[in-house]
Amino acid sequence: MKNKIGVHALVWVGGWSETESERAIAATAACGYDLIEVPLLDPGAVDPEVTARQLESHGIEATTSLGLSFDTDISSTDPDAVARGEALLNDALSVARDMGSKYLGGVLFSALNKYPAPATAEGRRNSIEVLARLAEKAKASGITLGLEAVNRYESNLINTGAQAADFIKETGSDNIKVHLDSYHMNIEEGDLAASIKACGDMLGYFHVGESHRGYLGTGTVDFRTIFRNLADIGFTGTITFESFSSAVVDPNLSTALAVWRNLWSDGEDLARHAKSFMDSELYAATQRV
Ligand code: MN
């Protein structure tokens with residue numbers, strides 16, 4: 001398998017100042033990763049030219065991700081919130097393009113938050129329309145969008161890979177892909193293998209996270225089944241390690257993800273172990289007899 005292997009920036013830093021991005025990018029390269037995933041919840045806080053220069057000097061790439069808020073929820077029935085969300089997504093797309101990223105994923109379709117009620121048909125339609133327009137703009141820059149199926153406490157719209165695939169088909173866009181995350185799958189999918197196989201060619205990006213989002217192999221996620229099935233569908237997309245601890249805090253992201261506990265303190269030890277764990281599982285997945 002020739003997948004690019006990445007690590008989420010929150011393993012290193014909680015913000016993206018010039019000093020923080022330099023530290024995160026240098027550490028990612030030093031641990032042997034191909035890329036770093038940069039959060040764009042607040043696109044204005046990221047200087048894409050500075051990031052592009054730092055990426056080049058350390059010889060790695062970047063992907064980007066975000067989750068919307070209730071104030072910028074494109075699955076809302078409030079036209080003002082939908083408009084604010086579309087503006088934010090367009091800003092994030094520009095920042096992604098200017099730092100050289102070819103991928104913008106995450107909870108692009110709704111707020112990254114616990115909803116008090118189910119999604120509405122009108123809100124779902126709003127989200128589909130905005131994302132179809134965003135995908136057109138993304139295509140002009142060679143950027144793929146990814147819709148991340150997340151657990152029920154982080155969205156009411158897309159909780160499974162099958163829901164993501166159905167939603168994407170309705171956009172009619174060919175540069176929107178399914179983004180799966182083993183942490184969320186462990187909560188919402190009935191069958192890890194069947195979920196990956198059902199996504200097939202529509203799967204574009206994969207987050208590797210433990211059941212508690214800490215050290216890989218110390219929780220309950222069945223990674224053997226996951227990596228075998230990624231190999232079986234011939235998945236060539238990016239695989240990114242995602243982990244969160246109260247030791248590294250992004251004021252926007254950490255509360256939305258309910259990161260209350262200290263799962264680790266040493267990001268470098270965590271990232272080195274994760275790289276070795278993923279390399280080993282990927283290799284084993286292709287050596288079966
Ligand atoms: Mn994820």
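First listed ligand is number 1; within each ligand, the first listed atom is number 1. The basis for the numbers below is simple: all heavy atoms, side chains too, and nothing from hydrogens, waters or symmetry mates. Just so you know, these numbers come straight off a predicted model, no measurement behind them.
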Task: Six-ring centre of Phe244, Arg213 cation under 6.0 angstrom, axis tolerance 45° - done: no

Open item on the list: I need the minimum non-hydrogen distance between Ser75 and Leu157, along with the two atoms involved.
Closed with: CB-CD2, 3.9 Å

TODO: Among residues two or more places apart or on two chains, list those pairs meeting side chain to side chain donor-acceptor pair (under 3.5 Å) that have a residue in residues 23-35.
DONE: Trp12-Thr28

Open item on the list: Does anything in residues 248-267 form a salt bridge (Lys or Arg N to Asp or Glu O under 4.0 Å)? List the pairs, not counting sequence neighbours.
Closed with: none

TODO: Using a cut-off of 2.8 Å, count how many protein N, O or S atoms are strictly closer to the Mn ion (ligand 1).
DONE: 4

Open item on the list: Between Tyr153 and Asn113, do the side chains contain a donor N or O and an acceptor N or O under 3.5 Å apart?
Closed with: no

Task: Sequence neighbours excluded - side chain to side chain donor-acceptor pair (under 3.5 Å) pairs with any residue from residues 88-98 - done: Asn90-Lys137

